[in-house]
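Counting begins at 1 with the first residue of the sequence.
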Amino acid sequence: MNSAPPTEHKPPTESNGAHTTEPVPTPTYPAGAAPAKQARNPLHGITLEAMVVALADYFGWDELGRQIPIRCFQIDPSVGSSLKFLRKTPWAREKVESLYLFMLRERKRNA
């Protein structure tokens, strides 16, 4: 067995050999501009609530429940119950996002 005394843990500091770096500044963007990696993402900045409200307005709850057959759209539907379920269920949220993108394309096509 190793009978060496336990060593005291010290947080890294410049005096015990740790390297220090300058803090990285957070990038700022002009008003209305998005970072390049999100520039072409139509879902960027759209809340889940805005998607559900837009889909319910566009399709109505009955059709929304047929398009995405989940109980929160079919039985006593509301925005609140839908958000609660969709935030906990990634596969359902993906379906809502996909239908929202479809709705955006349809609106653009029919405009």
Side-chain angles (χ1 to χ4, degrees):
M1 282 184 69
N2 188 355
S3 62
T7 59
E8 183 180 325
H9 180 273
K10 294 180 184 176
T13 62
E14 203 168 316
S15 64
N16 66 6
H19 297 280
T20 59
T21 59
E22 294 294 317
V24 178
T26 304
T28 56
Y29 303 99
K37 66 182 177 181
Q38 293 290 333
R40 295 189 48 87
N41 181 355
L43 296 178
H44 182 68
I46 306 296
T47 63
L48 184 58
E49 181 178 9
M51 281 187 251
V52 170
V53 169
L55 289 169
D57 289 345
Y58 186 77
F59 291 106
W61 288 110
D62 288 337
E63 181 60 24
L64 187 55
R66 280 190 282 283
Q67 293 279 336
I68 304 173
I70 52 179
R71 290 179 58 152
C72 65
F73 291 161
Q74 295 174 331
I75 300 171
D76 194 25
S78 71
V79 173
S81 67
S82 301
L83 292 175
K84 191 173 185 178
F85 176 76
L86 294 170
R87 286 183 178 131
K88 295 178 182 178
T89 317
W91 64 263
R93 183 180 180 134
E94 288 174 15
K95 288 181 181 281
V96 167
E97 290 172 350
S98 178
L99 187 61
Y100 181 77
L101 292 173
F102 172 80
M103 181 197 73
L104 291 179
R105 287 191 303 272
E106 284 293 305
R107 282 184 174 173
K108 190 174 182 179
R109 192 176 301 139
N110 295 332

Q. Of Thr89, Leu86, Leu101, which is the lone residue that meets side-chain contact (heavy atoms from CB on, under 4.5 Å) with Val96?
A. Leu86

Q: Kindly compute the distance separating CE (Met103) from CG (Leu55), expressed to the nearest 0.5 Å.
A: 5.5 Å

Q: Take the angle between the ring planes of Phe73 and Trp61 and call it parallel below 30°, perpendicular above 60°, tilted in between.
A: tilted

Q. Rounded to the nearest 0.5 Å, how far apart are CD1 of Ile75 and OG of Ser81?
A. 10.5 Å

Q. In Å and rounded to the nearest 0.5 Å, what is the CG to CG distance from Leu104 to Leu43?
A. 7.5 Å

Q | Point-to-point distance, once rounded to the nearest 0.5 Å, from CG of Asn110 to CZ of Arg105 | A | 12.5 Å

**Q.** Taking every non-hydrogen atom, the tightest pair across Ser82 and Cys72
**A.** OG-O, 3.5 Å

Q | Close side-chain approach of Ile46 and Glu97, heavy atoms under 4.5 Å | A | no

(Q) Side chains of Glu106 and Tyr58, heavy atoms from C-beta outward: is any pair under 4.5 Å? (A) yes

Q. How many angstroms lie between atom CG of Asp57 and atom CG of Leu64, to the nearest 0.5 angstrom?
A. 10.5 Å

Q: Give the cluster check for Tyr100 versus Trp91: same hydrophobic cluster or not, with ILVMFWY residues linked at side-chain heavy-atom distances below 4.5 Å.
A: yes

Q.
Working to the nearest 0.5 angstrom, can you tell me the gap between Gln74 CD and Arg66 CZ?
A. 9.5 Å

